[in-house]
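Working notes for the structure below.
Order of the sequence lines sets the chain letters (A, B, ...), proteins ahead of strands, with each chain counted from 1.
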Number of protein chains: 2
Amino acid sequence: MADGKAGGTKGGQALLFLTDEQLRKGIEAMFFAYRGFTADPDRILEKYGYGRAHHRALHFIGRAPGTNVNNLLGILGVTKQSLNRVLRTLIEDGLVESRIGVQDKRERHLYLSETGTALEAELSEAQRARMRVAYREAGHEAVAGFRRVLEAMMDPDQAAYFNAMTNRGE
Amino acid sequence: MADGKAGGTKGGQALLFLTDEQLRKGIEAMFFAYRGFTADPDRILEKYGYGRAHHRALHFIGRAPGTNVNNLLGILGVTKQSLNRVLRTLIEDGLVESRIGVQDKRERHLYLSETGTALEAELSEAQRARMRVAYREAGHEAVAGFRRVLEAMMDPDQAAYFNAMTNRGE
DNA sequence: CACTTTAAGTCAGCCATGTTGACATTCCAA
DNA sequence: TTGGAATGTCAACATGGCTGACTTAAAGTG
């Protein structure tokens with residue numbers, strides 16, 4: 001492990017010899033890329049006085065309309081107090097609607113309002129635009145590889161949420 | 001842009017048709033993967049009472065020993081006040097050494113001490129281990145694609161730092 | 001030499017977002 | 001009917017961003 005080399009096989013793939021240096025470059029690539037990844041939404045959010053936490057909530061509510069708070073907590077991996085603070089401002093500002101559950105009245109089902117949908121779309125389009133450019137520059141096969149590595153990097157329970165995410169369209 | 005499809009060519013690659021849904025999955029993959037990416041170091045840092053900001057400083061000082069504060073500010077993209085707070089504790093705790101420049105005595109050159117090197121190694125190994133597993137699971141070609149997409153996702157000035165990073169070993 | 005600029009550090013204060021812990025309310029389900 | 005789950009809320013605190021103002025020392029420049 002400490003000798004700077006590692007080999008392995010999987011599914012008939014050729015042996016992979018990875019130096020610590022190659023791994024480090026991957027780590028740094030993640031660091032710098034994630035900054036680029038969040039830069040555009042951050043600029044938009046600033047205009048409205050929101051932060052990344054608001055973006056995440058808007059994204060996943062938009063993604064799974066009618067989701068309840070507990071489910072959102074699992075996806076976002078924060079405490080309910082943290083999420084609640086964000087959710088409260090979004091509801092107060094009329095971006096998110098919280099509807100009491102029909103079957104289970106303890107649950108609140110979350111939906112984006114018209115303005116919430118609009119902001120989510122603005123944020124999402126900015127982020128998709130960057131992703132689109134990166135995908136085009138990198139090419140078709142690179143995209144598949146990108147996704148495979150990212151999935152393998154997730155914690156298993158996180159990956160479960162990821163795969164449970166609406167798979168329509170793919 | 002809003003019709004959910006986008007095509008493009010680059011360097012003789014086949015046309016890429018990307019639905020908004022595919023782009024969204026990429027966005028979510030980044031979100032979940034980055035969480036996995038930081039999870040192991042975060043657990044280690046907690047033991048020592050440090051945060052992610054300390055990790056980043058340790059990483060890049062270890063990466064470019066003798067770097068000065070200004071350079072580090074550019075890499076990390078934070079204010080000097082933010083960096084200074086982190087750096088001060090690392091110096092007080094004896095993990096980082098700050099040496100006055102020889103040619104330019106205004107500059108401070110930063111080095112990891114023995115204990116600093118040890119902690120950096122512990123953090124780095126944890127992160128490399130996850131990267132190694134992900135790389136092996138995804139396979140050789142996936143790794144190349146992963147790196148290509150990440151590079152294309154960076155802001156240009158960030159990419160410059162990334163490429164200027166010591167390229168030894170690759 | 002005098003002046004300006006640069007590198008670094010510091011202080012004070014603000015904000016966003018994470019955490020714990022304690023507690024109230026509602027209400028399903030055994 | 002009672003226990004526990006889901007939700008919401010309050011208080012308090014930590015981390016790590018930020019701005020603005022200011023100092024010190026050294027380097028560069030007319």
Side-chain angles (χ1 to χ4, degrees), chain A residues 31 34-35 38-39 41-61 66-93 96-111, chain B residues 31 34-35 38-39 41-61 66-93 96-111:
Chain A
F31 171 71
Y34 198 78
R35 289 255 298 267
T38 54
D42 282 354
R43 272 187 287 271
I44 294 167
L45 289 159
E46 216 193 345
K47 292 192 303 179
Y48 297 93
Y50 294 125
R52 253 179 232 183
H54 300 86
H55 182 193
R56 291 196 282 266
L58 287 174
H59 175 97
F60 287 108
I61 294 171
T67 188
N68 62 32
V69 174
N70 234 17
N71 183 41
L72 209 49
L73 285 175
I75 292 171
L76 297 176
V78 298
T79 58
K80 73 179 167 174
Q81 293 89 333
S82 259
L83 175 57
N84 199 258
R85 175 168 38 201
V86 165
L87 231 35
R88 203 186 326 161
T89 71
L90 290 174
I91 292 167
E92 280 170 7
D93 296 354
V96 168
E97 285 173 31
S98 169
R99 302 184 200 152
I100 293 174
V102 179
Q103 271 130 30
D104 186 335
K105 291 178 186 164
R106 291 167 303 179
E107 292 182 350
R108 305 299 144 95
H109 298 279
L110 304 169
Y111 299 86
Chain B
F31 171 70
Y34 197 78
R35 289 256 298 269
T38 55
D42 282 354
R43 272 187 287 270
I44 295 167
L45 289 159
E46 215 193 345
K47 291 193 306 182
Y48 298 92
Y50 295 125
R52 254 179 232 182
H54 299 88
H55 182 193
R56 290 196 282 264
L58 288 173
H59 176 97
F60 286 109
I61 294 171
T67 187
N68 61 31
V69 175
N70 240 11
N71 183 41
L72 208 50
L73 285 175
I75 292 170
L76 297 176
V78 296
T79 60
K80 73 177 169 178
Q81 293 92 329
S82 266
L83 175 57
N84 201 258
R85 176 167 38 196
V86 164
L87 231 36
R88 204 185 323 164
T89 71
L90 290 174
I91 291 167
E92 279 170 7
D93 296 354
V96 167
E97 286 171 29
S98 169
R99 301 183 200 152
I100 292 174
V102 179
Q103 273 132 27
D104 188 334
K105 292 178 187 165
R106 290 170 305 178
E107 294 182 347
R108 305 300 145 95
H109 298 279
L110 303 169
Y111 299 87

With sugar-phosphate taken as primed atoms, P, OP1 and OP2 and all else as base, the protein-contact string of nucleotides 12-19 of chain C at under 4.0 Å (heavy atoms; B, S, -) is -----BBB
Using a 4.0 Å cut-off on protein heavy atoms (strictly under), produce a 5'-to-3' string for nucleotides 25-30 of chain D with B for base contact, S for backbone-only sugar-phosphate contact, and - for none.
-BS---
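dA6(D) atom P lies 12 Å from atom NE2 of His109(A), rounded to whole Å. When the C1' atom of dT24(D) is taken as reference, atom CG of Asn84(B) falls 14 Å away, rounded to whole Å. In this structure, Leu87(B) atom CG and dA7(C) atom C1' are separated by 13 Å, rounded to whole Å. For the pair Ile91(A) CD1 and dT7(D) C1', the computed distance is 11 Å after rounding to whole Å. The distance from atom CZ of Arg99(B) to atom C1' of dG9(C) is 20 Å, rounded to the nearest whole Å.
Rounding to the nearest 0.5 angstrom, the gap separating the CG atom in Asp104(B) from the NE2 atom in His109(B) is 7.5 Å. We find the CG-CZ distance between Asp42(A) and Arg52(A) to be 4.0 Å, quoted to the nearest 0.5 Å. Distance CD/Glu107(B) to CD1/Ile100(B): 11.5 Å, rounded to 0.5 Å. Taking CZ of Arg99(B) as the start and CG of Asn68(B) as the end, the distance is 14.0 Å to the nearest 0.5 Å. Going from atom NE2 of His59(A) over to atom CZ of Phe31(B) covers 8.5 Å, rounded to the nearest 0.5 Å.
Checked against ring pair (Phe, Tyr, Trp, His ring centres under 6.0 Å), Tyr34(B) has the following partners two or more places apart in sequence or in another chain: Tyr34(A), Phe37(B).
Taking a 4.0 Å limit (strictly below) on heavy-atom distances, residues 67-75 of chain A does not reach DNA chain C anywhere.
For Asp93(A) and Tyr50(A), the side-chain atoms include at least one donor-acceptor pair closer than 3.5 Å.
Distances shorter than 4.0 Å separate none of the side-chain N or O atoms of Arg88(B) from OP1 or OP2 on dG9(C).
Taking all atoms of both residues into account, the shortest heavy-atom contact from Lys105(A) to Val102(A) is CG-O, 4.1 Å.
For DNA chain D, runs of at least 3 consecutive pairs of the Watson-Crick or G-U wobble type, with both hydrogen-bonding distances under 3.5 angstrom, map to C:1-30 with D:1-30.
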Side-chain atoms of residues 72-90 of chain B: list all donor-acceptor pairs with protein atoms under 3.5 Å, sequence neighbours left out, distances to 0.1 Å.
residue, atom, partner, partner atom, Å
Thr79(B), OG1, Ser82(B), N, 3.3
Thr89(B), OG1, His54(B), NE2, 3.2
Thr89(B), OG1, Val86(B), O, 2.9

